Participant: 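What follows is a structure written as structure tokens; I'll ask about it next.
Note that this is a predicted model, so its numbers are computed, not measured. When a ligand or atom number is given, it counts from 1 through the structure's own listing order.
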Amino acid sequence: MDFQLTEEQQTIEDHAREFAQRVIAPGAAHRDETSSFDRQLLSDLAENGFLGMLVPETYGGVAMGYTNYVLVNRQLATACASTAVITGVCNLTASAVDQFGSEALKAEVLPEICAAKDNLAAAFCLSEPHCGSDAAALKASARREGDDYVLNGTKQWITNGAMSGWYLVMARTGPGAGGISAFMVPAGTPGLVIGKKEDKMGQRGSDTVQVILENCRVPARLRVGEEGIGFRIAMTALDGGRIGIGALSLGVGTAALNEALTYLAEREAFGKPLGRLQALQNMVADIATELEAAWLLTLRAALMKDAGQSVTKEASMAKVFSSEACAKAVDLSLQIHGGYGYVKEYPIERLYRDARVTRIYEGASEIQRVVIAREVLGS
Ligand code: COS
């Protein structure tokens, strides 16, 4: 067992940190304030291989594996959570197509996602207005008509929904979880309508919209895998995605800790720097320890995924622990800032808002505990 990064991993992490701090971090506050995303940044991410981290080179990716993926994602999120989630959803969608799609589908779709063709991202469309946690209850339908499927329904909370070139849509071709199929729907397909944009609390640079399917006709060649495996595709993709959210949460938590450390060094109280007050030292110790533990869980899940092992339990453990460690990190770091933490003058206010959704998206903490308990209980 070796806790050291290899030289290659260190180089990848250093590169991601440098890129994230130079290119992404300066615009983070603006993205939050304006609830907007400069799509040129998608091309910059693509040029660095960050949109195809899990895709083989044959299809335009860089195939760096999950261990490197979490190293990169943590750095991106330390700079800007919105940018990290946009990146994460592109990678999750691409990896699902890579794992389950036909050769022809992969050749058609993956190079475009990896290159952010036309400065567009990719979207993963599972949740619906009436069902998020209970994903198998989805109602969107895909009716076979000759060589096509006709899709109808509404997808909710779709990250990248307003700026994607490809949409991975789970829709029903039959009853039950085994009656769900997956389709890659290209932007611009008649009947694919972008609905309401959500006015979110945090991660405001990433758009979250409804995607409405109104008699949206999709050729059968764009189905991902066989009919009826859509739920398995979604769950497998989320196993990987949850490792990514573990890393994203760690990035936000690390940014919060960094802000706290800066503030502790700058400000004095009772005749000494804040960092010499034991009550605040305890907070720093708790944040640092929990982030470290979360990182080990996340790395372990990534290593196991790279080794081809099942990671359902480990991914959920990484996600729930990291997102909750992140929640504590932003909360205590804000507390350390006192009143200044509660106003927009300091970045900790944004980080506090950005952190909140990590306990909700890609499976709420309660769902992660369901998954973990089922695995532990063997039920
Ligand atoms: N990997 C592969 N297959 C999986 C799987 C996984 N991690 N989890 C479940 N499956 C398969 C099961 O093996 C089962 O297949 P069979 O019927 O062939 O045996 C099928 O999927 C149904 O599984 P299950 O009965 O466990 O489904 P449930 O409806 O009980 O739901 C949970 C399981 C709660 C885990 C699921 O609904 C879930 O993850 N919900 C959260 C969804 C989510 O994260 N949404 C966020 C969207 S992105 S913002």
Participant: Quick one: which of V89, T312, T236 has a heavy atom closest to atom 2 (C) of ligand 1?
Facilitator: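 The nearest heavy atom belongs to T236.
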Participant: Give me the residue, atom name and distance of the protein heavy atom closest to atom 11 (C) of ligand 1.
Facilitator: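 Answer for atom 11 (C) of ligand 1: F231 CD2, 4.5 Å.
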Participant: Any atom of ligand 1 sitting under 4.0 Å from a heavy atom of V370?
Facilitator: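 No.
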Participant: Quick check on contacts: which atoms of ligand 1 are under 4.0 angstrom from a heavy atom of L238?
Facilitator: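 Counting atoms of ligand 1 from 1, those under 4.0 Å from L238 are 43 (C), 44 (O).
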Participant: Should R204 and E33 count as an ion pair when the cut-off is N to O under 4.0 Å?
Facilitator: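 The answer is no: the pair does not qualify as a salt bridge.
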Participant: If you look only at distance, which donor and acceptor atoms sit under 3.5 Å apart when one is on a side chain in residues 183-194 and the other is two or more places apart or in another chain?
Facilitator:
residue	atom	partner	partner atom	Å
T189	OG1	P186	O	2.6

Participant: How close does the nearest protein non-hydrogen atom get to atom 7 (N) of ligand 1, and which residue and atom is it?
Facilitator: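 Looking at atom 7 (N) of ligand 1, the protein heavy atom closest to it is D239 OD2, 3.1 Å.
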Participant: Just by distance, no angles: are the side chains of E227 and Y149 close enough, under 3.5 Å, to form a donor-acceptor pair?
Facilitator: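 The criterion, which ignores hydrogens and geometry beyond distance, is satisfied for Y149 and E227.
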Participant: Going by atom types only, do H30 and D38 share a side-chain donor-acceptor pair under 3.5 Å?
Facilitator: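 Looking only at side-chain atoms, D38 and H30 do not form any donor-acceptor pair under 3.5 Å.
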Participant: Using a 4.0 Å cutoff against the non-hydrogen atoms of V371, which atoms of ligand 1 qualify?
Facilitator: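 Close to V371: 35 (C).
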Participant: Under 4.0 Å and counting heavy atoms only, is there anything from the protein next to atom 26 (O) of ligand 1?
Facilitator: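 Flag for atom 26 (O) of ligand 1 set to true, protein heavy atom closer than 4.0 Å.
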Participant: Strictly below 4.0 Å, N to O, side chains only: are E324 and R369 in salt-bridge contact?
Facilitator: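 The answer is yes: the pair qualifies as a salt bridge.
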Participant: Let me check something: any side-chain donor-acceptor pairs from residues 263-278 under 3.5 Å, sequence neighbours excluded? List them with distances.
Facilitator:
residue	atom	partner	partner atom	Å
Y263	OH	R267	NE	3.2

Participant: Give me the nearest non-hydrogen protein atom to atom 3 (N) of ligand 1 as residue plus atom name, then the distance to 0.1 Å.
Facilitator: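 Minimum-distance protein heavy atom for atom 3 (N) of ligand 1 reads R232 CG, 3.8 Å.
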Participant: Before accepting this row, confirm whether a basic side-chain N of the pair R74/E13 lies closer than 4.0 Å to the acidic partner's carboxylate O.
Facilitator: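 Salt bridge between R74 and E13, a charged N being under 4.0 Å from a carboxylate O: yes.
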Participant: N/O of S127 under 3.5 Å from N/O of ligand 1, yes or no?
Facilitator: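 N/O-N/O distance below 3.5 Å does not exist for this pair.
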Participant: To the nearest 0.1 Å, how far is atom 29 (O) of ligand 1 from its closest protein heavy atom, and which atom is that?
Facilitator: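 Protein heavy atom with the smallest distance to atom 29 (O) of ligand 1: A136 CB, 3.7 Å.
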Participant: Is S133 in contact with ligand 1, taking contact as a heavy-atom separation below 4.0 Å?
Facilitator: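 True for this residue.
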Participant: Taking atom types as modelled and ignoring hydrogens, do the side chains of E198 and T208 form a donor-acceptor contact shorter than 3.5 angstrom?
Facilitator: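 There is no such pair (donor and acceptor under 3.5 Å, judged by atom type) between the side chains of E198 and T208.
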Participant: For Q156 and E128, which I'm curious about, is there any donor-acceptor pair between the side chains at under 3.5 Å?
Facilitator: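 Side chains of Q156 and E128: no pair found under 3.5 Å.
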Participant: For atom 14 (C) of ligand 1, state whether the nearest protein heavy atom is under 4.0 Å away.
Facilitator: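 There is no protein heavy atom less than 4.0 Å from atom 14 (C) of ligand 1.
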Participant: Does the distance from a Lys or Arg side-chain N to an Asp or Glu carboxylate O, for K106 and E108, drop under 4.0 Å?
Facilitator: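 No, this pair does not count.
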Participant: Please list the nearest protein heavy atom to atom 5 (C) of ligand 1 with its residue and the distance rounded to 0.1 Å.
Facilitator: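 Result: M235 CB, 3.3 Å.
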Participant: Any non-hydrogen protein atom below 4.0 Å of atom 44 (O) of ligand 1?
Facilitator: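 There is a protein heavy atom less than 4.0 Å from atom 44 (O) of ligand 1.
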Participant: Using protein heavy atoms only, decide if any is under 4.0 Å from atom 32 (C) of ligand 1.
Facilitator: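 No, there is none.
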Participant: Considering both backbone and side-chain atoms of R374, is one of its nitrogen or oxygen atoms within less than 3.5 Å of a nitrogen or oxygen in ligand 1?
Facilitator: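 Yes; at least one N/O pair falls below 3.5 Å.
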Participant: Which option, M170, E362, R242, E375, owns the non-hydrogen atom nearest atom 48 (S) of ligand 1?
Facilitator: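 Minimum heavy-atom distance to atom 48 (S) of ligand 1 goes to E362.
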Participant: Looking at atom 19 (O) of ligand 1, would you say a protein heavy atom lies below 4.0 Å from it?
Facilitator: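 It does not; no protein heavy atom is within 4.0 Å.
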Participant: Taking the basic N atoms (NZ, or NE/NH1/NH2) and the acidic carboxylate oxygens, is any pair closer than 4.0 Å for R353 and E349?
Facilitator: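 Judged by the 4.0 Å cut-off on N to carboxylate O distance, R353 and E349 do form a salt bridge.
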Participant: Please report which non-hydrogen protein atom sits nearest to atom 42 (C) of ligand 1, along with the residue it belongs to and the distance in Å to one decimal place.
Facilitator: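 Here the closest protein heavy atom is G132 O, 3.7 Å.
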Participant: Output yes when K197 and D207 qualify as a salt bridge under the 4.0 Å nitrogen-oxygen rule, no when they do not.
Facilitator: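 No salt bridge links K197 with D207.
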Participant: If you measure every N or O of I367 against every N or O of ligand 1, does any of those distances drop under 3.5 Å?
Facilitator: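 No, no N or O pair falls under 3.5 Å.
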